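These numbers come from a predicted model, not from an experiment. Lettering of chains follows the sequences in order, A, B, ..., and the numbering in each one begins at 1.
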Amino acid sequence: MQVTLPDGSARELPDGATGADLAASIGPGLARAALAIRIVDEARPHDASAYDEGRILDLAAPLPDGARVEIVTPSDEDLDALKLIRHDTAHVLAEAVLELYPGTKVSIGPPIDDGFYYDFEFPDGVSLSDADFERIEAKMREHVKADEPFVREEVPVGEAIERYREQGQDYKVELIEDLISNQGIDSVTFYTNGDFVDLCRGPHTPSTKRIKAFKLLSVAGAYWRGDASRTMLTRVYGTAFHDKADLEAHLERLEEARARDHRKLGRELGLFTWSPVSPGATFWLPKGTQLFNQLVALNRSMQVERGYVEVKTPLLYESELWKTSGHWGKYRENIFVSEYEGREFGLKPMNCPGHAHLFGLERWSYRDLPYRCAEPGLLHRREPSGTLHGLMRVRHFIQDDAHIFCTEDQVADEVGQCLDFAFDIYRMFDFPVHVEFSTRPENRFGSDELWDKMEGMLEQALETSGLDYTVNEGDGAFYAPKIDLHMTDSLGRSWQIGTVQLDYILPERFELTYTGADNAEHRPVMIHRALFGSFERFIGILLEHYAGELPLWLAPVQATVLPLADRHADYAYEVRDALKAAGLRAAVDDRTESVGRKIRDAELAKTPYMLVVGDREREAGAVALRRHREGDEGTLPIAEAIERLAAEVAARGRPLLGGPDAEVAA
RNA sequence: GCCGACAUAGCUCAGCUGGUAGAGCACUUCACUCGUAAUGAAGGGGUCCCCGGUUCGAGUCCGGGUGUCGGCUCCA
């Protein structure tokens, strides 16, 4: 038999040769280092994950004759290599847990981005502490050191179920039964390491000794099979790397990520705070309000340029409106409801029904369309307590919501414009946004034909836009398929920012019409879109993205003037007034403190510019300019300093809210 | 909502096995008037999250609640 290696060379091997044989035939060092074999798929780019596509083979598996193969070796660049040892580590974790906590039921333990987890059902009364983590890790290290091979065996399903029944491993029994009914298989594979045998598709490395560095990180609850109606298991998270230095580096990155957590930054920078009197709602401090208002202002000006009009609709509606829209049936539990004079009202959790209703209150001609109707609407959603998360998931927030009522002919163009608009925004912030296409959910209104059509139109728009996107089957809204725009936070959690939704259903339910050129009544199409998403979440993402070091054009205080001594205060205020007159947001630190102290405080506040003024500057009508992080940048006349700051602001975007608001920040 | 952890001064945190609270920063006052990341001294400040229980005695132990954190489910 023969296989082809990545360099294009062919290699002859005896029939039935394995990956281990191949590695050994190349060299003993490689044989020791090899983790597995990758079948190269020439159609796939190098960075695609073969692990998830089943193209990784155990070293002990026979090589397919004529295949193009690659030997997977320890490398941080190689996601497959990391997944292999992380999956190995998950098995070793389960092995150690079963030893230390007899009677534990095991379920599943896959590798994930950055690590792995394993879900257990511990015997009653067991809850894991840090000390337990250390005990488990110590036990795991013993097994790693023992160089236990991962041995694969194929077992008929009947025997497999029997084995697990005897051990009381109900979750495994259920998994196998589902494999039988869903895939019609008659045998499963087991992997054994030490005394631990796990139902597992594989692949694995040859032995536990390949695990060079690992750490258990956290415990969490997780529903069995992701189903909230079923048992909650205990999930243990951990990670593994090819060497200790990489593990250390990873842990350090996690630490750094925590330092840029927007909740921490918000408090440190004096932007916002929270109180138990209103869980899930933000108290915006003056500086945070300044930032918030700037984004709203940016949104308004960009919308005006793109032909939107702004409306204001009520916060509170009789339940009738939600019944018409269909939200009452789907989301009643998540609406804040109150009763008054025998009528039931709900606080709006979204603007669409209000906007649809507003559209229906007027008469429309095809000449009026597209009608792009925007509202930075204040929304309230009764989110379950456990889901709240800083600014990212709140109960009270403002969305840059807009609804475009248009004819079917206009849809393609309008959706395209929405996407352009969205990326015009994200570019201003250097956001790496990823695009998801969410298709029809199980619970939905409208016929399959209609959904075929709506999905087809959005897909077409995506293709036209040339954007890369992933498909999220079944993740659409009950009334519309969606294009969702996501960003990740400092810890890699993905959050939806923008959304563009194509909706034929609400116009139908609200019986919206316009008069066409043929003088007949027609049904408009409704495009729902939010591009910042909620301003709250956008600011959370923004802070983490910039680690709190906002670009000059966004910084709540752009410059602080630092008088050296009290006698320079008057001049400092003169300088500040000149900055304000130029539309910059400036403050004076007139405390009786050393200049070193004022600089330190301004640096910690991440103020972009510090203008130090003393006798020399006052004589010359100048300022000594200091840039945050960069240090002293020399002395220059006031006018030049202003010019420089103004140019930096202009280069980044548009000057938005001007100077007067900076006062609050001082 | 579910599982787990946590909750002490404005912030960050100490407080051993129960004996009625402490530091640094911040704040106030006074002195210092300062040249690029902390001037010094003095002072004020706490229903130890809330409710109940055990106990001679609870910040500390137990139960319930609330909030926060990490996940899970959900996210129009």
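The pairing partner recorded for B/C34 is none, the criterion being a Watson-Crick or G-U wobble arrangement whose two distances lie under 3.5 angstrom. For B/G19, the paired nucleotide is B/C56, the pair qualifying as Watson-Crick or G-U wobble because both relevant distances are below 3.5 Å.
Few gaps surround NZ on A/Lys323; more than 12 heavy atoms of other groups in view lie less than 6.0 Å from it.
Taking the P atoms as reference points, B/U17 lies 29 Å from B/U68, given to the whole Å. The same atom, P, is picked in B/A9 and in B/C2; the two are 28 Å apart, to the nearest Å. Here the separation of B/G19 from B/C69, taken at their C1' atoms, is 33 Å to the nearest Å.
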List the atom pairs, donor and acceptor, that lie under 3.5 Å between side-chain atoms in residues 266-285 of chain A and the rest of the protein, sequence neighbours left out.
unit_1   : atom_1 : unit_2   : atom_2 : d
A/Glu268 : OE2    : A/Lys264 : NZ     : 3.0
A/Trp274 : NE1    : A/Ala281 : O      : 3.4
A/Ser275 : OG     : A/Val277 : N      : 3.1

Could you write out each protein N or O paired with an N or O of nucleotides 65-68 of chain B at a distance under 3.5 Å?
none

Taking N or O atoms only and anything under 3.5 Å, show me the protein contacts with nucleotides 41-44 of chain B, one pair per line.
none

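Under the side chain to side chain donor-acceptor pair (under 3.5 Å) criterion, A/Arg444 pairs with A/Asp448, not counting sequence neighbours. Every residue was checked against the side chain to side chain donor-acceptor pair (under 3.5 Å) condition with A/Gln496, not counting sequence neighbours, and none meets it. Partners of A/Asp615 by side chain to side chain donor-acceptor pair (under 3.5 Å), not counting sequence neighbours, listed by chain and number: A/Arg567, A/His568, A/Arg618. For A/Arg616, the salt bridge (charged side-chain N to carboxylate O under 4.0 Å, His left out) test picks out no residue, with sequence neighbours left out. Judged as a side chain to side chain donor-acceptor pair (under 3.5 Å), and not counting sequence neighbours, A/Arg381 has no contacts. Under the rule for a ring-ring contact (aromatic ring centres under 6.0 Å, His included), the partners of A/Tyr101 that lie at least two apart in sequence or sit in another chain are A/Phe122. Listed by chain and number, the residues in a salt bridge (charged side-chain N to carboxylate O under 4.0 Å, His left out) with A/Glu603 are A/Arg626 (sequence neighbours excluded).
In this structure, A/Thr234 does not reach the B/C3 phosphate: none of its side-chain N or O atoms is under 4.0 Å from OP1 or OP2.
The six-membered or imidazole ring of A/Tyr479 lies near that of A/His528, with a centre-to-centre distance under 6.0 Å.
The base of B/A38 does not come close enough to the side chain of A/Arg597 for any donor and acceptor atom to sit less than 3.5 Å apart. No N or O donor and acceptor, one from the side chain of A/Arg567 and one from the base of B/U33, sit under 3.5 Å apart.
For the contact set between residues 608-619 of chain A and RNA chain B, defined by any heavy atom under 4.0 Å, the members are A/Val612, A/Gly614, A/Asp615, A/Arg616, A/Glu617.
For the 3.5 Å distance criterion, the side chains of A/Asp589 and A/Thr560 fail to qualify, holding no donor opposite an acceptor.
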>> Across nucleotides 71-76 of chain B, 5' to 3', mark each nucleotide with B, S or - according to how protein heavy atoms within less than 4.0 Å reach it.
In response: BBBBBB

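Nucleic acid contact class of A/Ala624 (heavy atoms, under 4.0 Å, all strands): base.
Mapping A/Asp261 and A/Arg591 onto RNA chain B by nearest heavy atom places A/Arg591 at the nucleotide closer to the 5' end.
When each of B/A37, B/U33, B/A26 is scored by its nearest atom to the side-chain atoms of A/Arg626, the top-ranked nucleotide is B/A37.
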